[in-house]
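Each remark here refers to the structure printed beneath this line.
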Amino acid sequence: MQPLIASAPAVGAHALQTGPTDAELFEYVFGGGNTLLALSFVVNIALAGLTILGIVYLGRSLTDPRSKTIATALLLISVVSISSYTGLTSGLTLSVIEMPAGHPAAGATTAGESGVLVMWGRYLTWTFSTPFILIALGLIAGSNWTKILTTCAFTIAMCVTGLAAALTTSSLVLRWWWFVLGSIFFLVIVYVILVDWTAEAERTGTSELFRTLKLLTVVGWFGYPILWMLGVEGIAILDVAITSWGYSILDIITKYIVTFLALFYIVDEPESITGGSDYGATIPGSGVSDD
Ligand code: RET
């Protein structure tokens, strides 16, 4: 008789089940031989922490609920970021993954195991950080929640497909197919930013700030798929430490610099940003104070 339950797959059959333990990965990154890689994580923990303190300090005088909403979205970008980099630092969100046949890094070894170091935690945590960037940008442009949440859904889809691309070990073609899917989702976001939100910011009166934020965001965000392609997940012409620094520098531009530019504008609570005491209230007249 056939067994009712199929036998468990062999250890190593799935990307996340292979390779060294978190402790071994931690030792590999922080044990001395990979200082550049280690710094690319630690520097961002420090910057995210400083950004959180900066927002709390500069945002303490905000009174308008709409300004506070934008400041909270900005705060959450760095809250996710500090957690993301802590995950990478601890080895929790790093894995050594074997690339499929035909991949330029197929057959490589890392920390004594066959495979390459994949920082999959980055793709996972972008899923949570990028929506807050888009919420802040969309609100600054004066857009509606339909468009803002549409971009959020597409950025989540983009990051999850990027994660799938990085973790797919069965086929090289499927890795790139995930990447193509993610890129299509990305173009939807770029379209909304460049077309809809640019026009809306013009009407809202925030176009000067929005122009700068848009430039940093669109140019910066294009850097991520380019790094993915050039890095060890793609054609592997950049090593892991350089790729990691690339992402860390892009994060500095697209998160902390964007945050402070937006925050300096918001703290003055100009009319183009404020929403009045009823903004976001579920019962009219109840939103005078939330303290
Ligand atoms: C991936 C691979 C799939 C195709 C595309 C990608 C784009 C990633 C982007 C990431 C932005 C991240 C930010 C993080 C801040 O916390 C997932 C690399 C298009 C645009 C801004």
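Everything numeric here is computed off the predicted structure, so don't read it as measured data.
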Under the criterion ring pair (Phe, Tyr, Trp, His ring centres under 6.0 Å), I'd like the reasoning laid out for Trp176 against Trp228: C-alpha separation, chi angles, the key distance, then a yes or no. CA-CA 11 Å; Trp176 284 103; Trp228 196 102; 5.4 Å; yes
Minimum-distance pair of heavy atoms, taken over all atoms of [X] and [Y]:
X: Arg66; Y: Gly142; result: NH2-CA, 3.9 Å
X: Phe132; Y: Ile77; result: CB-CG1, 3.7 Å
X: Thr109; Y: Ser114; result: CG2-CA, 3.9 Å
X: Pro20; Y: Glu113; result: CD-CG, 3.4 Å
X: Thr243; Y: Gly231; result: OG1-CA, 3.6 Å
X: Ala164; Y: Thr168; result: O-OG1, 2.7 Å

Determine whether a donor-acceptor pair (N or O, by modelled atom type, separation under 3.5 Å) exists between the side chain of [X] and the backbone of [Y].
X: Ser244; Y: Val240; value: no
X: Ser78; Y: Leu74; value: no
X: Thr89; Y: Phe41; value: no
X: Thr93; Y: Leu88; value: yes
X: Thr21; Y: Glu24; value: yes
X: Thr155; Y: Cys152; value: no
X: Ser95; Y: Leu117; value: no
X: Asp278; Y: Pro284; value: no
X: Thr254; Y: Thr217; value: no
X: Ser272; Y: Thr204; value: no

Do we get Arg175 above Phe179's six-membered ring, with its NZ or CZ under 6.0 Å from the centre and within 45° of the axis?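 Not satisfied by the 6.0 Å and 45° rule.
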Are side-chain heavy atoms of [X] and [Y] found at a separation under 4.5 Å?
X: Phe154; Y: Ile184; result: no
X: Ile156; Y: Phe185; result: no
X: Trp221; Y: Val190; result: no
X: Trp177; Y: Thr161; result: no
X: Leu216; Y: Leu261; result: yes
X: Val192; Y: Thr150; result: no
X: Val79; Y: Phe128; result: no
X: Tyr123; Y: Glu233; result: yes

Which residue pairs pass the salt bridge (charged side-chain N to carboxylate O under 4.0 Å, His left out) test with at least one member in residues 183-203, sequence neighbours excluded?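 Sorted pair list: Lys147-Asp196, Lys147-Glu200.
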Output every pair passing salt bridge (charged side-chain N to carboxylate O under 4.0 Å, His left out) with a member in residues 159-171, not counting sequence neighbours, ordered by first then second residue.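 Residue pairs passing salt bridge (charged side-chain N to carboxylate O under 4.0 Å, His left out), neighbours aside: none found.
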Does the plane of the ring in Phe210 sit parallel, tilted or perpendicular to the ring in Trp197? Use 30° and 60° as the thresholds.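 Correct class here is perpendicular.
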Is there a path from [X] to [Y] through hydrophobic residues (I, L, V, M, F, W, Y) whose side chains come within less than 4.5 Å of each other?
X: Leu39; Y: Phe30; answer: yes
X: Leu36; Y: Leu238; answer: yes
X: Leu53; Y: Leu75; answer: no
X: Ile189; Y: Leu194; answer: yes
X: Val267; Y: Ile55; answer: yes

Kindly indicate, with the supporting measurements, whether the criterion side-chain contact (heavy atoms from CB on, under 4.5 Å) is fulfilled by Val232 and Asp239. CA-CA 6 Å; Val232 83; Asp239 73 15; over 6 Å; no
Would Leu94 and Tyr28 count as a side-chain contact (heavy atoms from CB on, under 4.5 Å) here? Give the steps. CA-CA 11 Å; Leu94 296 173; Tyr28 173 73; over 6 Å; no
State the [atom1]-[atom2] distance between [X] and [Y], to the nearest 0.5 angstrom.
X: Leu37; Y: Ile242; atom1: CG; atom2: CD1; answer: 10.0 Å
X: Ser67; Y: Tyr265; atom1: OG; atom2: OH; answer: 10.5 Å
X: Leu62; Y: Thr69; atom1: CG; atom2: OG1; answer: 10.0 Å
X: Ile140; Y: Lys214; atom1: CD1; atom2: NZ; answer: 13.5 Å
X: Thr151; Y: Leu137; atom1: OG1; atom2: CG; answer: 8.5 Å
X: Tyr279; Y: Asp64; atom1: OH; atom2: CG; answer: 9.0 Å

Set out, in order, the CA-CA distance, both residues' side-chain angles and the distance that settles side chain to side chain donor-acceptor pair (under 3.5 Å) for Ser248 and Arg122, then state yes or no. CA-CA 10 Å; Ser248 292; Arg122 286 192 182 271; 3.2 Å; yes
Candidate pair Met99 and Val118, rule side-chain contact (heavy atoms from CB on, under 4.5 Å), full reasoning: CA-CA 10 Å; Met99 291 295 132; Val118 173; 4.0 Å; yes
Would a line drawn from the ring center of Trp126 to the ring center of Tyr247 be shorter than 6.0 Å?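 Yes.
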Trp178, CH2 atom: more than 12 neighbouring heavy atoms under 6.0 Å: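 Counting other residues, nucleotides and ligands, CH2 of Trp178 stays at 12 neighbours or fewer.
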ring-ring contact (aromatic ring centres under 6.0 Å, His included) involving Phe222 - partner list, sequence neighbours excluded: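 With sequence neighbours excluded, Phe222 shows a ring-ring contact (aromatic ring centres under 6.0 Å, His included) to Phe186, given in chain and number order.
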Please walk me through it: do Leu263 and Tyr57 pass side-chain contact (heavy atoms from CB on, under 4.5 Å)? CA-CA 11 Å; Leu263 198 65; Tyr57 180 75; over 6 Å; no
